[in-house]
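Letters A, B, ... mirror the listed sequences (proteins, then strands); counts begin at 1.
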Number of protein chains: 2
Amino acid sequence: MDDAAKLQMYLQTLGDANRLKMINYIGERECSVSEIVESTGLSQPLVSHHLRTLRESQILETERKGPFVYYKLKDKRLLSALGILLEISGELKDRKPHEAMFCSPPWWTSFWGSK
Amino acid sequence: MDDAAKLQMYLQTLGDANRLKMINYIGERECSVSEIVESTGLSQPLVSHHLRTLRESQILETERKGPFVYYKLKDKRLLSALGILLEISGELKDRKPHEAMFCSPPWWTSFWGSK
DNA sequence: CGTTCATATAAATGTTTGTTTATATGTTAA
DNA sequence: TTAACATATAAACAAACATTTATATGAACG
């Protein structure tokens, strides 16, 4: 797998509303599956499925603690990149720019409906 | 359309190998469709179709000059963001990092098979 | 051990998406 | 206006993907 393919896979994985919601909720923290299920309002199997995708794309990594499995970002630089992209896309037609969501905390408040 | 949706759309559009190839070829320049067709080796209708997607996502913008239509990036910051993402994804399993493709020229040589 | 809780997987379904083939629109020049 | 070139669109098809429902694995605790 060459670098173009890696980048493509990485971006494709990011380009899903529910997965972005999850990444946004996780941020710089470490979250259990049930926490993500609850905060996103998505079904448990759906969350688990997307988490698998995110893990296989190596965007998230896991650690088991007792009965819980915790997910966190593998590379925090992702937040910077998403910050830029959010800025760019936020300036597109029919809406104006605003505070950055990604980048540095607290950016996980109020935009995605995550609590 | 809220910002989450915009970001999602933006990322989804980026997450395609052929579209990335085209963006990579265009870079900071302004390119005609036939130039892109030739450099990518893709069929003309396919290129035209992807260019439409990129234009509708407001990643590219167009200018007509005589019989030619030129496409260029609407926001050059995209290259910085892609630079970060390329760095991150390049460090993933089964391959090691290397020079950045996006960011500053000449990053459009040699990685995508674009000439 | 057997029950309960947390998470993962499988099969089934409907939708979206990329690609091809064929054709149309638009521009220039003779 | 007709011919030649540049680009765009449409229909048709196949493959990929997100989602649901149902079930399985795995850990803790009585």
Side-chain angles (χ1 to χ4, degrees), chain A residues 1 4-26 29-72 112-113, chain B residues 1 4-26 29-72 112-113:
Chain A
M1 188 151 106
K6 282 189 194 170
L7 178 58
Q8 185 272 319
M9 185 197 74
Y10 205 82
L11 282 165
Q12 184 176 340
T13 301
L14 290 174
D16 175 88
N18 288 333
R19 286 193 289 264
L20 277 178
K21 216 195 266 188
M22 293 161 67
I23 290 175
N24 177 58
Y25 179 75
I26 293 173
R29 295 178 294 164
E30 199 176 62
C31 302
S32 69
V33 176
S34 28
E35 202 181 333
I36 298 169
V37 167
E38 199 189 0
S39 70
T40 58
L42 304 173
S43 75
Q44 181 271 316
L46 185 54
V47 167
S48 205
H49 176 248
H50 283 306
L51 284 174
R52 186 227 268 257
T53 303
L54 287 162
R55 175 166 31 85
E56 287 178 348
S57 297
Q58 303 175 62
I59 289 173
L60 298 182
E61 56 188 7
T62 64
E63 189 183 352
R64 177 150 221 147
K65 288 180 182 172
F68 299 93
V69 176
Y70 288 87
Y71 283 80
K72 67 175 178 191
W112 302 76
Chain B
M1 187 151 106
K6 283 189 194 171
L7 178 58
Q8 185 271 320
M9 185 197 74
Y10 205 82
L11 283 165
Q12 182 176 345
T13 301
L14 290 174
D16 175 88
N18 287 333
R19 286 192 289 265
L20 278 178
K21 216 195 266 189
M22 293 162 67
I23 291 174
N24 177 58
Y25 179 76
I26 293 173
R29 295 179 295 164
E30 200 177 61
C31 301
S32 70
V33 177
S34 28
E35 200 181 336
I36 299 170
V37 167
E38 199 188 2
S39 70
T40 58
L42 303 174
S43 76
Q44 181 269 318
L46 185 53
V47 167
S48 206
H49 177 248
H50 282 307
L51 284 174
R52 186 228 269 256
T53 303
L54 287 163
R55 175 166 31 86
E56 286 177 348
S57 297
Q58 302 175 62
I59 289 173
L60 298 183
E61 57 188 6
T62 64
E63 189 184 352
R64 178 152 219 144
K65 289 180 181 172
F68 300 94
V69 176
Y70 287 88
Y71 283 80
K72 67 176 177 191
W112 301 78

Legend entry - Value in whole Å for how far the C1' atom of dA18(D) lies from CE of M22(A): 13 Å
Inset, instruction - Give the minimum heavy-atom separation between C31(A) and I26(A), together with the two atoms involved. - result: SG-CA, 3.9 Å
Inset, instruction - Considering just the side-chain nitrogens and oxygens of S34(A), establish if one lies under 4.0 Å of OP1 or OP2 belonging to dT7(C). - result: yes
Legend entry - Pairwise side-chain contact, V33(B) with V47(B), heavy-atom cut-off 4.5 Å (strictly under): yes
Legend entry - Euclidean distance, atom CG of residue L42(B) to atom C1' of dG18(C) [Å, nearest integer]: 11 Å
Inset, instruction - Can you see which heavy atom on Q8(B) is nearest to which on D16(A), and at what distance? - result: CG-C, 3.7 Å
Legend entry - dG18(C) phosphate, OP1 or OP2, under 4.0 Å from N18(B) side-chain N/O: no
Legend entry - Least distance between heavy atoms, R29(A) atom then E35(A) atom: NH1-OE2, 4.1 Å
Inset, instruction - Give me the residues of residues 51-69 of chain B where at least one heavy atom lies under 4.0 Å from an atom of DNA chain C, by number, or none. - result: R64(B), G66(B), P67(B)
Legend entry - Any residue meeting side-chain hydrogen bond (donor to acceptor under 3.5 Å, both in side chains) with E56(A), in chain and number order, not counting sequence neighbours: R52(A)
Inset, instruction - Using atom CD of E38(B) as one end and atom P of dT7(D) as the other, report the distance to the nearest whole Å. - result: 11 Å
Inset, instruction - Take atom NE2 of H50(B) and atom P of dT9(D), then tell me their distance rounded to the nearest Å. - result: 15 Å
Inset, instruction - Quick one: label Q12(B) by what it contacts on the DNA or RNA (base, sugar-phosphate, nothing), any heavy atom closer than 4.0 Å. - result: sugar-phosphate
Inset, instruction - Let me know the distance between CD1 of I36(B) and C1' of dA8(D), rounded to the nearest Å. - result: 14 Å
Pairs: protein N or O with nucleotides 20-22 of chain C N or O, under 3.5 Å:
none

Inset, instruction - Select base, sugar-phosphate, or nothing to describe what Y70(A) touches, counting heavy atoms under 4.0 Å on all strands. - result: nothing
Legend entry - Y71(B) OH - dA6(D) C1' separation (whole Å): 11 Å
Legend entry - Between dA15(D) (P) and D16(B) (CG): distance, integer Å: 17 Å
Legend entry - pair I23(B)-L14(B): side-chain heavy atoms closer than 4.5 Å: yes
Legend entry - Residue pair R64(A) / P67(A): nearest heavy atoms and the distance that separates them: NH2-O, 3.6 Å
Legend entry - Value in whole Å for how far the C1' atom of dC17(D) lies from CG of L14(A): 16 Å
Legend entry - Min side-chain heavy-atom separation H50(B)-K21(B) under 4.5 Å: no
Inset, instruction - Would you classify S48(A) as touching base, sugar-phosphate or nothing, given that sugar-phosphate means primed atoms plus P, OP1 and OP2, and contacts are heavy atoms under 4.0 Å? - result: base
Legend entry - Least distance between heavy atoms, Q12(A) atom then R19(A) atom: O-NH2, 3.7 Å
